[in-house]
Peer 1: 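Dropping a structure here in structure tokens format, bear with me for questions.
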Amino acid sequence: MHFFHLSDLHIGKQLYGYSLLEDQEWILTEIYELIREKRPDGVLIAGDVYDKSVPAAEAVTVFDRFLTKVSQLEPKIPVLIISGNHDSPERLAFGAKILSRQQIYVAGTCPQIPEDHLKKVTFQDEWGETEVWMLPFVKPGYVRKLMEESKKETDREDGAGEQRDRDGETEIKVKNGWEEIRRDYNEAVKFLLEREQVDTEKRNILISHQFYTAGGETPKTSDSETISVGGLDQVDISCLAPFSYVALGHIHRPQSMGRESIRYCGSMLKYSLSEWEQEKSVTEVILEAPGQEPVIQLHPLHPLREICVIRGRLEEILEANKDSICEDYVSIVLTDEEELYQPKEQLERIFTHILEVRTERNRKLVQEWEDGQAEDTQTDPKLVFEQFFSQIQGRKLQEEEAAVLEEVFAKIREEEG
């Protein structure tokens, strides 16, 4: 089987107030062209299709155009989509039965009643069947009742409990010290996978959107991801043993966990400054005979606008870019020691998408000022402020500024007195 692995599209996301819809449509067009050229057997999208649970109409339109183009390719290329933690499971799965007629399969919610099971799509090639299992983003609360029902059923089958009716309610009394069900992410994912009784004689692929760890080793993250405090959302990869390849979403930096075939493909665009040096790509996977390791190839993506960090003196930056207009998303770090006149306004003449302008000099001087304060016995708040202003701005207060400062402190003294 030959397929593309995508995740974390985050359609509708903004970066420092800039809408990324144009950038996202650009990169989805490039991905479509790759699909049209390579003709994979399937496209797996591992969650976070949208950036918000209630996406804007424009975001839905962008994804609709992408799916429509892919669905019109002949022969048909199935697209398998699961929900991520940013998606609304119900909204994402709207019209799923109709979409499946076009071989677009959507799994929005995980099983919640005994009759429910993970959605599965079967592919056939010269080596036999490959079953692709779709596990949407799971929180322990989603499957709590299902886990409790399963526990009760196990108790009945094992003779571990006594059943009796009280006022129409059924109570289970456990005799053998059955451990209370752990309602954490690891147990929830493990429970859902084990109840499917995956046939390991076949090749199996899992699409999942969780925070997976490998024996305590955590994936490398970026500032654009949402991670639970205290590691409560961690899932160990030990539960993924039955699968020949695991197509993961949730982490924006491309990487494998534990083994090469358990892989985060990463986001299609850089969604934070912390990602500015990362290379984004489409992950292409070829899964051949059972027992063979998959062949993984990365196809670099070329964004409409890059994210970059520019560091240097204001004059040097302006001179180096004076002959062109830069439309990339830029963070500019100024290293000038002297006071600058309207630096952002000067930079905006050249850089059309400035994310931030900051100086390294200020942080250095603040530290020097704080170090000096440790030895300074000055306690007059007005004089302390004047010293601070002089250190940071490299000049004394002007007459008008000093007058305003005096008014402020006079009002403070009046209120305190």
Side-chain angles (χ1 to χ4, degrees), residues 7-28 30-31 48 51 86 218-227 250-255 264-283 298-370 391-394:
S7 78
D8 295 271
L9 312 183
H10 286 280
I11 301 173
K13 186 174 180 62
Q14 293 194 346
L15 182 67
Y16 285 73
Y18 293 106
S19 170
L20 296 178
L21 279 175
E22 184 183 13
D23 305 74
Q24 291 169 330
E25 185 142 34
W26 171 281
I27 212 70
L28 284 170
E30 182 175 356
I31 292 170
D48 280 357
D51 191 57
H86 279 252
T218 58
K220 296 176 182 178
T221 60
S222 306
D223 292 345
S224 54
E225 293 131 2
T226 303
I227 306 299
H250 194 37
I251 302 301
H252 293 182
R253 182 191 296 267
Q255 60 197 289
Y264 288 105
C265 66
S267 56
M268 65 178 184
L269 288 172
K270 301 170 185 178
Y271 287 134
S272 69
L273 277 173
S274 65
E275 300 169 57
W276 78 278
E277 293 183 299
Q278 294 179 23
E279 290 189 8
K280 301 300 184 178
S281 59
V282 170
T283 300
L298 305 183
H299 298 281
L301 291 170
H302 308 89
L304 177 63
R305 302 178 184 91
E306 272 288 1
I307 290 181
C308 51
V309 176
I310 300 175
R311 179 178 279 101
R313 297 179 64 250
L314 177 62
E315 184 179 347
E316 295 170 346
I317 294 173
L318 294 173
E319 178 64 25
N321 297 276
K322 65 180 181 180
D323 296 327
S324 61
I325 298 297
C326 176
E327 295 191 358
D328 289 339
Y329 298 105
V330 295
S331 165
I332 301 176
V333 182
L334 299 174
T335 58
D336 301 79
E337 290 298 327
E338 67 275 10
E339 181 185 4
L340 300 171
Y341 176 73
Q342 295 185 334
K344 187 174 182 181
E345 286 76 1
Q346 295 186 63
L347 292 164
E348 284 175 336
R349 298 170 190 166
I350 296 173
F351 301 98
T352 61
H353 294 81
I354 295 177
L355 303 181
E356 62 175 5
V357 177
R358 56 189 177 88
T359 63
E360 290 187 336
R361 165 181 166 266
N362 279 2
R363 291 203 304 273
K364 177 182 175 184
L365 290 176
V366 167
Q367 186 61 51
E368 290 175 353
W369 180 81
E370 289 177 345
Q391 284 278 357
I392 297 302
Q393 298 296 330

Peer 1: Not counting sequence neighbours, which residues clear side chain to side chain donor-acceptor pair (under 3.5 Å) with T283? List them please.
Peer 2: none
Peer 1: Within the distance-only criterion (no hydrogens, no angle test), does the side chain of H86 pair as donor or acceptor with the backbone N or O of D51 below 3.5 angstrom?
Peer 2: yes
Peer 1: Who pairs with D328 by side-chain contact (heavy atoms from CB on, under 4.5 Å), at least two apart in sequence or on another chain?
Peer 2: R305, E306, C308, C326, V330
Peer 1: Can you list everything that forms a side chain to side chain donor-acceptor pair (under 3.5 Å) with E25? Sequence neighbours excluded, please.
Peer 2: R65
Peer 1: For Q346, is there any backbone N or O sitting under 3.5 Å from a side-chain donor or acceptor partner on E348?
Peer 2: no
Peer 1: For H299, which residues count as a side chain to side chain donor-acceptor pair (under 3.5 Å) partner, sequence neighbours excluded?
Peer 2: E284
Peer 1: Please identify each residue that fulfils side-chain contact (heavy atoms from CB on, under 4.5 Å) with S281, with sequence neighbours left out.
Peer 2: L298
Peer 1: Within the distance-only criterion (no hydrogens, no angle test), does the side chain of K270 pair as donor or acceptor with the backbone N or O of W276 below 3.5 angstrom?
Peer 2: yes
Peer 1: Less than 3.5 Å apart, which donor and acceptor atoms pair up between the side chains of residues 11-20 and the rest of the protein, not counting sequence neighbours?
Peer 2:
residue : atom : partner : partner atom : Å
Y18     : OH   : I354    : N            : 3.2
Y18     : OH   : I354    : O            : 3.2
S19     : OG   : L21     : N            : 3.4

Peer 1: Does the side chain to side chain contact (heavy atoms under 4.5 Å, CB included) test come out yes or no for L9 and D48, once each step is laid out?
Peer 2: CA-CA 6 Å; L9 312 183; D48 280 357; over 6 Å; no
Peer 1: Does any donor atom in the side chain of S222 or Q278 lie under 3.5 Å from an acceptor atom in the other side chain?
Peer 2: yes
Peer 1: I'd like to know if R313 and E338 make a salt bridge, using a cut-off of under 4.0 Å between side-chain N and carboxylate O.
Peer 2: yes
